Amino acid sequence: MISFRDRGARGRHRGGQIDAHHSFSFADYNDPRHMGFRALRVLNEDWVVPGAGLPEHPHEDMEIVTIVLQGAVEHRDNLGNTSLIRAGEVQRMSAGTGIRHSERNPGREERTHLLQIWIIPAETGGAPSYEQKSFASRSDRNGWITLASGDGRDGSLTIRQDASLELVRLDEGVAIERPLDRDRGYWLQIVAGIVGLNGTEMREGDGAALTSEERLCLEAEVDAEVLLIDLP
């Protein structure tokens, strides 16, 4: 079964500093029909104006993955980490027993565009930790790139859940298939471009939940980028 989530149906918070779209209930957006999908609790797409961001705030018992698509994010936390996450880089923050951090767009002119994904960990507690890697130089277009996984395979970031985040950058006209496990769930998010998912057109910002499916087939109508989240 495939349940589509139209980009225009997402929750939205549009302020002077951040324009945020929420695939699932978050902050002031509360929709009992969209509280998450399996272990996936939050999927936000944000645009942040130069100099803006969020002051120091707490998290606990959550795996937080930030994918920077454009611009940069300046991160500071109470573990002593200070870093700049640029376009093409991915950050993983395991909140564990508790972490405090701030994040802002350090640029002067360019808006930051990012995806932030929260995944419920397999077990609560544990020491908080931080990890960051660049996937910008990966030249393997038209093939899946593992950004994060429970076992850190293929050089991916390591999250505390039996889940994975995989990205594919497709050239126009290219079709790609992937086998699926009927006992698992998959969330597909269109990061850029236009693709056909098993014959249904999807555009940037659209999402879909796949359950009890055996195969995924994507065909790019234009150059496209697609994120797949594999969940227990």
Side-chain angles (χ1 to χ4, degrees), residues 7-31 34 40-96 98-119 128-138 145 147-148 157 159 165 167 169 189-193 203-207 223-227 229:
R7 59 197 177 280
R10 295 177 294 178
R12 187 177 188 183
H13 170 78
R14 188 173 188 177
Q17 297 186 335
I18 300 176
D19 185 3
H21 292 74
H22 312 307
S23 294
F24 306 109
S25 294
F26 184 83
D28 293 335
Y29 169 59
N30 183 24
D31 184 345
H34 299 285
L40 175 60
R41 176 60 189 85
V42 168
L43 198 163
N44 291 342
E45 182 175 14
D46 298 342
W47 287 263
V48 186
V49 302
L54 295 175
E56 186 176 280
H57 56 281
H59 294 284
E60 63 180 44
D61 291 327
M62 195 65 67
E63 300 296 295
I64 301 173
V65 178
T66 301
I67 303 171
V68 179
L69 305 172
Q70 174 185 312
V73 172
E74 181 185 78
H75 166 94
R76 297 176 183 271
D77 64 42
N78 64 337
L79 300 180
N81 296 304
T82 300
S83 62
L84 194 64
I85 312 156
R86 297 178 175 85
E89 295 184 329
V90 183
Q91 174 205 69
R92 183 271 301 162
M93 190 169 61
S94 294
I99 190 170
R100 298 185 64 86
H101 79 125
S102 63
E103 48 196 340
R104 62 184 288 271
N105 174 1
R108 295 183 179 181
E109 298 180 356
E110 185 178 29
R111 286 199 309 171
T112 293
H113 182 198
L114 61 90
L115 294 178
Q116 189 165 93
I117 296 109
W118 294 14
I119 294 177
S129 63
Y130 175 93
E131 192 179 10
Q132 177 181 333
K133 288 185 178 180
S134 174
F135 296 87
S137 62
R138 292 287 296 266
I145 301 169
L147 304 180
L157 303 170
I159 55 176
L165 282 74
L167 186 76
R169 299 170 178 134
Q189 189 72 22
I190 308 303
V191 179
R203 293 174 175 261
E204 180 176 332
D206 288 341
D223 287 358
E225 196 165 336
V226 180
L227 177 69
I229 306 176

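Any value given below was found using the heavy atoms of this structure, including those in side chains, with hydrogens, waters and symmetry copies removed. All values reported here derive from a predicted model rather than from experimental measurement.
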Within the 4.5 Å heavy-atom criterion, are [X] and [Y] side-chain neighbours or not?
X: Ile18; Y: Leu54; value: yes
X: Phe135; Y: Ile67; value: no
X: Asn78; Y: Ile99; value: yes
X: His57; Y: Arg100; value: no
X: Arg41; Y: Glu63; value: no
X: Val42; Y: Gln116; value: no
X: Leu227; Y: Leu147; value: yes
X: Val226; Y: Ile190; value: yes

Original post:
Are side-chain N/O atoms of Arg92 and Ser129 paired as donor and acceptor at under 3.5 Å?
Top reply: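 Yes, because at least one side-chain N or O of Arg92 sits under 3.5 Å from a partner of the opposite role on Ser129.
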**OP:** State whether a side-chain donor-acceptor pair under 3.5 Å links His22 with His13.
**Re:**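 Judged by distance alone, the side chains do not pair up.
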What's the separation between atom [atom1] in [X] and atom [atom2] in [Y], rounded to the nearest 0.5 Å?
X: Leu40; Y: Ile117; atom1: CG; atom2: CD1; result: 7.5 Å
X: Asp31; Y: Ser23; atom1: CG; atom2: OG; result: 11.5 Å
X: Glu56; Y: Glu103; atom1: CD; atom2: CD; result: 11.5 Å
X: Leu79; Y: Tyr130; atom1: CG; atom2: OH; result: 10.5 Å
X: Ile64; Y: Ile159; atom1: CD1; atom2: CD1; result: 12.0 Å
X: Asp61; Y: Ser94; atom1: CG; atom2: OG; result: 10.5 Å

Original post:
Could you go step by step and tell me if Trp118 and His59 meet the side-chain contact (heavy atoms from CB on, under 4.5 Å) rule?
Top reply: CA-CA 11 Å; Trp118 294 14; His59 294 284; 3.4 Å; yes
With a 3.5 Å distance limit and no angle check, can you tell me whether [X] reaches the backbone of [Y] through a side-chain donor-acceptor pair?
X: Thr82; Y: Arg76; result: no
X: Ser25; Y: His34; result: yes
X: Glu225; Y: Leu167; result: no
X: Thr112; Y: Ala72; result: yes
X: Asn44; Y: Asp46; result: no

Original post:
Name the one of Val68, Asn105, Leu84 that satisfies side chain to side chain contact (heavy atoms under 4.5 Å, CB included) with Val73?
Top reply: Val68
Original post:
Per the side chain to side chain donor-acceptor pair (under 3.5 Å) rule, which among Arg7, His113, His21 passes with Glu45?
Top reply: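 Exactly one candidate clears the test, His113.
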Original post:
With respect to Ser83, which candidate in His75, Gln132, Glu74 satisfies the side chain to side chain donor-acceptor pair (under 3.5 Å) definition?
Top reply: Gln132
Original post:
Should the pair Asp19-Arg12 be classified as a salt bridge under the 4.0 Å nitrogen-to-oxygen rule?
Top reply: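 Yes, Asp19 and Arg12 are salt-bridged.
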**OP:** Please report the C-alpha distance between Met93 and Thr66 in whole Å, then the side-chain angles of each, then the deciding distance to 0.1 Å, and finally whether the side-chain contact (heavy atoms from CB on, under 4.5 Å) criterion is met.
**Re:** CA-CA 8 Å; Met93 190 169 61; Thr66 301; over 6 Å; no
Original post:
How close do Pro128 and Gly98 get, heavy atom to heavy atom, and via which atoms?
Top reply: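 So the minimum-distance heavy-atom pair works out to CG-O, 3.4 Å.
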Subject >> Test log, rule side-chain contact (heavy atoms from CB on, under 4.5 Å), inputs Glu131 and Val90 >> reply: CA-CA 8 Å; Glu131 192 179 10; Val90 183; over 6 Å; no
